[in-house]
Number of protein chains: 2
Amino acid sequence: MQLELSVDRGSPVPLYFQLSQQLESAIERGVLTPGTLLGNEIELAARLGLSRPTVRQAIQSLVDKGLLVRRRGVGTQVVHSQVKRPLELSSLYDDLEAAGQRPATKVLVNTVVAVSAEVAAALGVAEDSEVHRLERLRFTHGEPMAHLCNYLPPGLLDLDTGQLEATGLYRLMRAAGITLHSARQTIGARSATATEAERLGEQTGAPLLTMQRVTFDDTGRAVEFGTHTYRPSRYSFEFQLLVRS
Amino acid sequence: MQLELSVDRGSPVPLYFQLSQQLESAIERGVLTPGTLLGNEIELAARLGLSRPTVRQAIQSLVDKGLLVRRRGVGTQVVHSQVKRPLELSSLYDDLEAAGQRPATKVLVNTVVAVSAEVAAALGVAEDSEVHRLERLRFTHGEPMAHLCNYLPPGLLDLDTGQLEATGLYRLMRAAGITLHSARQTIGARSATATEAERLGEQTGAPLLTMQRVTFDDTGRAVEFGTHTYRPSRYSFEFQLLVRS
DNA sequence: GTAGTCCGGTTGTCCGGACATACGAATTGA
DNA sequence: TCAATTCGTATGTCCGGACAACCGGACTAC
């Protein structure tokens, strides 16, 4: 049997993208089982009425995602392992929502302050400028899970406390037309201070998972600097890595 | 002024790869400064005597690495931020060596044991099979930094204690012809038990950074399962993320 | 029986061209 | 003066073809 594939030339969606999505969904649904040979590119192109470069572009995008492996002289086959999703720059709020965790947010601080030296260096703004300062508690199932402290350059975004409690910061930024590009982050651990413990419902000295992140948009401007602390009993970082070749 | 670019058609190295390497090195050396327009693809192709698809392939690879940004109707420009290296599946040993930290390893355990249920599930081997069990301490500057506990499926690799103390596990696996493909990992934190604290020179109850990882080769076989604990005062995970678009 | 060689099949690389689409700036109009 | 339109230019998509490099199995020769 062969997979049902078809493309719609009337659609504004690129042909290679239509194809790669169909292949991806077939793999996800288990129609294309691990180890299956995809059949040669030439014949696949002929069957769909596409050119080989277009088919190759579709396949290549799935190879980049780690779903397929190509072997010269052999063929292209579905990768054998449980690749979920390679790591991407993600929003804690979105991650929790996708996991069905019903995140809730309480805004503790939402003001404009003069920058500290550390924040100025991280964001790349002048030492005498002002920045937005944001402090939030994130809950799941009514229990505190993380404390989020963020700084944003001035004039970038209107930060409405109501919106911040209803959704995540990244979503607000995207809605404001900011296209996120990359982030530099550090994950570590340390003991909770008394105030941190109080906030998160832990005991003083309890281990905390920490994350610092600077996020850049596509012009290279730093758009956010955050220092987060997580309760390790309720949260850990989980992700898939691919080997770059 | 224009960048000096040239390709060698006699070389077995693909043309697009020669070009992308030259561009990357130019960016790295600062010859191409952030924000610089790369000049249109057509003209670039003509100047090098290449076709546009070849030039595009070179540029695309750098876009994927996060070094360049394309804007339709505008051009391709060097990205503005301090992109170091996007996260890849890396070896602790190699990372430390690259940072000039002179890693040292002490092998505590190197035997074959019957699998536990947890390890069998992680590696995807039968419940009654045997696996290599490896326990190591990793030092920098004479101080313990991490405790590494690993399990490998049987018959995959000869594990020589001498070699393990001289280099890293991933290097040995690559040398044995295993091509690593992907890994699934979890980073968390917890308190040190008495024995863990003893091993790492910490106090009981001190916060530890933990990492669990299952690594797969390109056939989808699990080739390694590891449970690592790090001293947070001496180690943290640091990496660059790119937005998948 | 074993080693070396040949060959079919598949992906890798590269070409030259064509049209579509989006961005930005100059131009035009109110 | 300001908004809408036009237009040049760059990337985005797609085509059809060509040859090279590599893998694996079959065949052959020793």
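Here is the naming used below: chain letters follow the sequence lines, and residue numbers restart at 1 for every chain.
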Nearest-Å distance for atom pair CG/P, residues B:Leu48 and C:dC14: 13 Å

Can you tell if the side chain of A:Arg70 reaches within under 4.5 Å of the side chain of A:Arg72, non-hydrogen atoms only? no

What integer distance in Å separates B:Arg52:CZ from C:dA18:C1'? 10 Å

Can you measure B:Phe17 atom CZ to C:dG12 atom C1' for me and round it to whole angstrom units? 14 Å

B:Arg71 atom CZ, neighbour heavy-atom count above 12 within 6.0 Å: yes

Is there a side-chain contact between B:Thr54 and the phosphate of C:dC15, meaning an N or O under 4.0 Å from OP1 or OP2? yes

Could you check how far CG of B:Asn40 sits from P of C:dG24, rounded to whole Å? 17 Å

Using whole Å, report how far CD of B:Glu43 lies from P of C:dG16. 16 Å

Residue mapping more 5' on DNA chain C - nearest nucleotide basis, A:Pro12 or B:Gln57: B:Gln57

Separation of B:Leu38 atom CG from D:dT9 atom P, in whole Å? 19 Å

If you look at every strand shown and take non-hydrogen atoms under 4.0 Å, does B:Pro53 touch a base, only sugar-phosphate, or nothing? base

Touch class at under 4.0 angstrom, heavy-atom based, for A:Arg71 against every strand present: sugar-phosphate

Taking atom types as modelled, is there a side-chain donor on B:Thr215 or B:Tyr170 under 3.5 Å from an acceptor on the other? yes

Of all the nucleotides listed (D:dG24, D:dT11, C:dG12), which has the minimum atom distance to the side chain of A:Arg72? C:dG12

Any B:Tyr16 side-chain N or O less than 4.0 Å from OP1/OP2 of C:dT13: yes

Hey, which sits more toward the 5' end of DNA chain D by its nearest nucleotide, B:Gln60 or A:Leu50? B:Gln60

As a test of reading the structure: which of C:dT13, C:dT11, C:dG24 is closest to the side chain of A:Ile42, going by heavy atoms? C:dT11

Proximity to the side chain of A:Pro14 - top-ranked nucleotide from C:dT11, D:dG12, D:dC14: D:dC14

To the nearest Å, how far apart are A:Leu68 CG and C:dG12 P? 11 Å

Looking at D:dG24, C:dT13, D:dC15, which one has an atom nearest to any side-chain atom of A:Arg56? C:dT13

Under 3.5 Å, is there a donor-acceptor pair between the A:Asp8 and A:Gln18 side chains? no

Any side-chain N or O of B:Arg9 below 4.0 angstrom from OP1/OP2 of C:dC15? yes

What is the distance, rounded to the nearest whole Å, between atom CG of B:Leu37 and atom C1' of C:dC23? 12 Å

Are A:Leu169 and A:Leu152 close enough that some pair of their side-chain heavy atoms sits under 4.5 Å apart? yes

What's the closest nucleotide to the side chain of B:Leu15 if the choices are C:dT11, C:dT21, C:dC14? C:dC14

